[in-house]
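Structure, as structure tokens:
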There are 2 protein chains.
Amino acid sequence: MEPLLQESTPSIIAERVRQAIAKGDLPPGSQLGEAELAREFGVSRGPLREGLQRLTAEGLLISIRNRGLFVIEMTADRVRDMYVARQAVERAAAEQIHLGDDATAAGRQLLDVVEEMAEAKTVRDVGELDITFHDRLVTLAGSPRLSRMHLTLLTETQICIRALEPTYALEDVRVEEHREIAQSFIAGKRALTDRLLVAHMKDAVRRLTRG
Amino acid sequence: MEPLLQESTPSIIAERVRQAIAKGDLPPGSQLGEAELAREFGVSRGPLREGLQRLTAEGLLISIRNRGLFVIEMTADRVRDMYVARQAVERAAAEQIHLGDDATAAGRQLLDVVEEMAEAKTVRDVGELDITFHDRLVTLAGSPRLSRMHLTLLTETQICIRALEPTYALEDVRVEEHREIAQSFIAGKRALTDRLLVAHMKDAVRRLTRG
DNA sequence: TCCGGTAACATTGTCGACATTCTACTGATC
DNA sequence: GATCAGTAGAATGTCGACAATGTTACCGGA
């Protein structure tokens, strides 16, 4: 029997606000009114502020003293830095998968996501499955710390994707890059996975900072 | 002119508590009494709890609902996971330094730390300079996100070092490993740095999980 | 027209108090 | 003697109110 752990109110609030940021309901640069948010969640400002502190510590919210909290705006510099960090995490995750028991099974799980992506009909769906792919990649590594760090980075990625969604087209290349990565796990080619990941990240940065 | 940003009270509190954890003033597994801590810092429980939420989000504190907050205990599993994450961050940092303007200057700054380490006379001083070395390594990469992620990991490392300090001896090998890494930057040998870092991490895990 | 000052407003930062929950001790029963 | 119900105490979780700060609109003077 493992001890059951109940989530604290601040952590629930943090996740809800994180989703709102990721979905674009709280657009980049917008201010978060404490009183209003507290009303919406049906709690007082105390627990709400505690929840927002978490996101501030992650860098998702910017705090300006006596002024308030603002959703981070992903400038070109920040996008580049985010991908440096994402590359660090995902390369390490990939390595852990290859070192683990069953890299083939992991690769197959990733392929499932790729197949869904291939069948997706809207740019938005492709974007969401893109996130799902990378989330699962890191989850499969089984490292709590890599997962925690990655959560922040994926949220920032979603902000970027959401911002540039209208300019995207339904490109096969986006699906194929992911397919190659998944297959490299099944093939057990560790060095190949690494190269593909690096190339994938480089592509993404170029797409996102070009605009 | 860059906008001057004042630290918020919760963030100051978080840093103070983090230092207390790193120094061992708050030992692993111990409970943090909110009322007592608030008295010590001269604030009410509100801002204090907000500060502690940050550390909880980082995983440095474990929250058990209606019971309180406890300093994380570094089990063998957690030590291994921590080093997976540290390796991810520091390898990426090293790569960024090599890709940057002046890897040689960076290497020399790291060598300064190594020289201090060579002259240190107590195990405690060596341990602190060990932390300084890795902190500077990531700082020199100039990536805010890598630095933020690393901060948590270094604090956990300090918990481990502090716990095993009595069993350590003044070994030259610990200094020499760092020296080699620093020199590899000056020599501009990117692949060598990477190999040395991986080996260094592997050594550390073995030392820490052996006990 | 533009600049400086002022006052009202809105928002954040902080605090003290109450409600709820858990822990530990006591005492009764089998 | 062991187990369990009951209770007192202490700690956390939550809230509403006050204080401090920043913003904005308005007004007067150069």
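Naming: A, B, ... by sequence-line order, numbering from 1 per chain.
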Point to revise | Footprint string (nucleotides 9-19 of chain D, 5' to 3'): B base within contact, S backbone only, - free, heavy atoms under 4.0 Å | key: ---BBBB-B--
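Aromatic ring orientation, His134(B) versus His200(B): parallel (interplanar angle below 30°, classes split at 30° and 60°).
A distance of 8.5 Å separates CZ in Phe133(B) from CD in Glu90(B), rounded to the nearest 0.5 Å.
A donor and an acceptor atom, one from each side chain of Arg65(B) and Thr9(A), are located under 3.5 Å apart.
No more than 12 heavy atoms of other residues, nucleotides or ligands shown are found within 6.0 angstrom of CG on Asp101(B).
With Arg78(A) contributing its side chain and Glu73(A) its backbone, the two residues share a donor-acceptor pair below 3.5 Å.
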